[in-house]
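Since the structure comes first, as structure tokens, the remarks are kept for the end.
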Amino acid sequence: MGSSQSWTLNPTQWEAVRHGQGPLLVLAGAGSGKTRVLTHRVAYLVEEQGVYPSRILAITFTNKAAAEMKERLQQLIPGETVSWVMTFHAAANRILRQEIEALGYARQYTIYDDSDQERVLRAVLKHFDLDEKVLSPRAVSSRISDAKNRLLGPRQLGQQAVTLHEQRIADIYTEYQKRLQEANALDFDDLLMLTVKLFQEHPPLLTKYQDKFQYILVDEYQDTNQAQYVLVNLLAARHRNLCVVGDPDQSIYGWRGADLRNILDFQQDYPDAVTVTLEQNYRSTKVILQAANQVVSFNQNRLPKELRTEKPEGEKILLQTAADEKEEARFVAETFESWRRAESRGYNQFAVFYRTHGQTRVLEETFLHYGIPYRIYGGQSFYKRKEIKDILSYLRLLVNPTDNVSLERVINVPRRGIGDTTWARLVQRAEEKNLPYYFALQELAEGPECGAKIRRSLQEFVQLIEDFRRQGEADGITTLTWNILERSGYWSELGKEEEARRENLQEFLSLTREYDERRSGWEEEAENGEETAGLAHFLGRVALITDLDKYQEGEQAVSLMTMHSSKGLEFPVVAVLGMEENLFPHGQAREDQQELEEERRLCYVVLTRAQERLLLTRAERRMLYGSVRYNEPSRFLREIPPELIAGSISRQPATAAPAAPARKPLGASHLFHVGDRVVHRKWGKGVIVQVRGEGDDYQVAVAFPDQGIKQLLMKYAPLEPA
DNA sequence: AACTAGGGAGTTTTT
DNA sequence: CTCCCTAGTT
């Protein structure tokens, strides 16, 4: 972002930065220095207008954006701390931690992520005796999320229900919400919905925060949903110093509740609003920008806007049609290699975007084969890994004994002989006596219902948890965590082949260590009476952070990611794969005008990620779900002016790709040698003892200390240098 | 209580 | 095709 921009602001940017009191709408095209404007505006308010940093609220969508903003502020106004620079959810969480008792929840509430949510839903479906095949937890969860985003509680959804099916969803929602409350747990959507509820039901609390936040700034306003919209506008109602920044053309999250009208209607919401439009782009070449402008102009429902740049014309966009997805991947690999050499670029200057995760596989195999280092973004998050969720569940259970999901997760992990039968008995008792599961467990451990052996196990488990609780976090969260891992037997239960899990846990311990060390820092940022620097605070942070394995700038690797996760990033060289009907625009989106326009905006987003070079590819045939599909070229290709394109929409002999190098692929044999230490995802550490074969047949023999020698086909083996 | 085979679903994702 | 959950088996 903006790194290519010079240090000063242009006149339009200045106008937005220096805007005084009252509402302000900044329509910021891609690469127009939006983050710059936001940070400079905050700095300006503090430095020039003498606004107290604690009275500014700056909201972003992702932790990454918030971190970036904080960092830049640090540079602009060193010595000042603007502590309310955070995501929507983090801000809501911070308010609720303080005030939630007004809604009848306890302050140590647990935040449930989507997998916790799914567990609850599964139980609810079972409770209603509904077959998961008829009504999937996924489908229900998205309906509930939808309702919450629109600020509809279970009762309101029930009132709206017309069909039997809708009524059933409402019933499930009711039971789901009841269970969350009993567990003193909030899901992500609750954070927003309950904050709004808090303010609506308790006007004095609303007034308190309205008074506090003299200036409010919101990034990516085009992505706000109804709940976020109401929240922001409630908070801004008193001072009316609301500055929203966004780009309607980059709205790509309609499917998860984002409402484009929020930004489009800003002028109507605030008739006295000043609008500033940033159309000067500092990122891409003229060719790239023209293509993007042109494509998005095919949308009917949009405000006119055209990006300009003073950058050079640049190279034409390279378009290549491959026979299938393998050839497509090879073409990208070879083109990248040739550009990397010819233009002495580092691997970190390259990125590959695709519409669906399913497309990563072939890319991985191909890059591995060519010996091109790569990194996939947005896959399985660190915090969703089993071992991390397990240890987190132990910690959550300590803070909140009513957290039934966490209890279920850890009660028999590691195995302690408490199986399905015992669990069912426990659940039954809990429901009969309307108790949290943990308390029912304590009763079972003392009562006569279970056999002596089981009772013994239950007692030991309770004893264990109570010991941990007694120990608490007085010696730091790291000590507590390590204690749990060791004393529960979790650590020693991890076999040799689960080395990766151990490493993840080590990584988790380094996070707790970091937290323990920065404890005093959190205490400093805390405002009057805020409880920070405790286990509950730590768990709250962890629940809202998923960015651990996100983009790291310096790393010498090609970045692979879905089109959606590319938003907000920029790369000198970008390849966009699968430019085909049914894939992009996605098959499900082609019928519906609204969805199609969102796909087109997605296209606008990906094209504008590229700074210098753009490579678009498609495959004539593609393997999807085990069968071969033949897709037409994407309509978006035809929407790009032909004079900006080199190459052809139809398949051409190799000459159509002037940049394709006439050289042999590197071959993965350059990756490993006999004697190299490697790590295998399943088998752990090993040493290469033999290398043979070429290309797809390239094989290595690896000696693993405990499993002996394995023959691995490099094409598939999850093998990495150690 | 733990393992195995079989069935069904499989855009996009942050928090 | 492949992953993941479930049901059935031992």
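Proteins come first, then strands; the chains are lettered A, B, ... in the order of their sequence lines, and each starts at number 1.
- If you take OH of A:Tyr354 and C1' of B:dT13, they are 13 Å apart, rounded to a whole angstrom.
- Whole-Å rounding puts the A:Glu118 CD to B:dT15 C1' distance at 17 Å.
- Of the candidate nucleotides B:dT13, C:dC3, B:dT11, B:dT11 has the atom nearest to the side chain of A:Ala589.
- Look at the P atom in both C:dC4 and B:dT13: the space between them is 16 Å, to the nearest Å.
- Whole-Å rounding puts the A:Asp420 CG to C:dT9 P distance at 17 Å.
- Under the stacking criterion of a centre-to-centre distance below 5.5 angstrom and an interplanar angle below 30°, A:His89 is not stacked against the six-membered ring of B:dT15.
- Of the side-chain N and O atoms in A:Ser565, one or more sit less than 4.0 angstrom from OP1 or OP2 of B:dT13.
- The partner of B:dT11 cannot be assigned: no Watson-Crick or G-U wobble pair with both contacts below 3.5 Å exists in any strand.
- The distance from atom CD1 of A:Ile545 to atom P of B:dT14 is 14 Å, rounded to the nearest whole Å.
- As judged by a 4.0 angstrom heavy-atom cut-off over every strand, A:Glu598 is placed among residues making no nucleic acid contact.
- Between the NE2 atom of A:His357 and the P atom of B:dA9 there is a distance of 21 Å, given to the nearest Å.
- A donor-acceptor pair under 3.5 Å is absent between the side-chain atoms of A:Glu99 and the main chain of A:Leu96, judged by distance alone.
- Residue A:Tyr625 is classed as a base contact, given a heavy-atom separation below 4.0 Å to a base.
- As judged by a 4.0 angstrom heavy-atom cut-off over every strand, A:Asp114 is placed among the base-contacting residues.
- When the side-chain nitrogen and oxygen atoms of A:Thr562 are compared with OP1 and OP2 of B:dT13, one or more of them lie within a distance under 4.0 Å.
- Aromatic ring orientation, A:Phe571 versus A:Phe353: perpendicular (interplanar angle above 60°, classes split at 30° and 60°).
- Looking at A:Arg355, its side chain comes within 3.5 Å of the base of B:dT12 through a donor and an acceptor atom.
- A:Leu186 comes within 4.0 angstrom of no nucleic acid atom, judged by non-hydrogen atoms across all strands.
- Between A:Tyr437 and A:Trp423, the ring planes are perpendicular. Angles over 60° get that label, and only those under 30° would be called parallel.
- Nucleic acid contact for A:Arg122: sugar-phosphate only, since backbone atoms but no base atoms lie under 4.0 Å from a heavy atom of the residue.
- Distances were taken from every side-chain heavy atom of A:Asn412 (C-beta onward) to each of B:dT12, B:dT15, B:dA2; the shortest belongs to B:dA2.
- In the model, A:Asp190 has a side-chain atom that pairs as donor or acceptor with a side-chain atom of A:Gln177 under 3.5 Å.
- By the 5.5 Å and 30° criteria, A:Tyr253 is not stacked with the base of B:dT14.
- Backbone-only contact: A:Gly417 has heavy atoms under 4.0 Å from sugar-phosphate atoms and none from a base.
- Note: NZ (A:Lys326) to C1' (C:dC1) measures 12 Å, nearest angstrom.
- Taking atom CZ of residue A:Arg138 and atom P of nucleotide C:dC4, one finds them 11 Å apart after rounding to whole Å.
- Note on A:Glu595: a base of the nucleic acid sits closer than 4.0 angstrom, heavy atoms only.
- Remark: A:Arg601 is not positioned above the aromatic ring of A:Tyr604, lacking an NZ or CZ atom under 6.0 angstrom from the ring centre and at most 45 degrees off the axis.
- Aromatic ring pairs are classed by plane angle as parallel below 30°, tilted from 30° to 60° and perpendicular above 60°; the pair A:Phe538 and A:Tyr515 is perpendicular.
- Distances shown here put every side-chain N or O of A:Arg119 at or beyond 4.0 Å from the OP1 or OP2 atom of C:dC5.
- Per the geometry, CG belonging to A:Leu583 stands 14 Å off C1' belonging to B:dG10, to the nearest Å.
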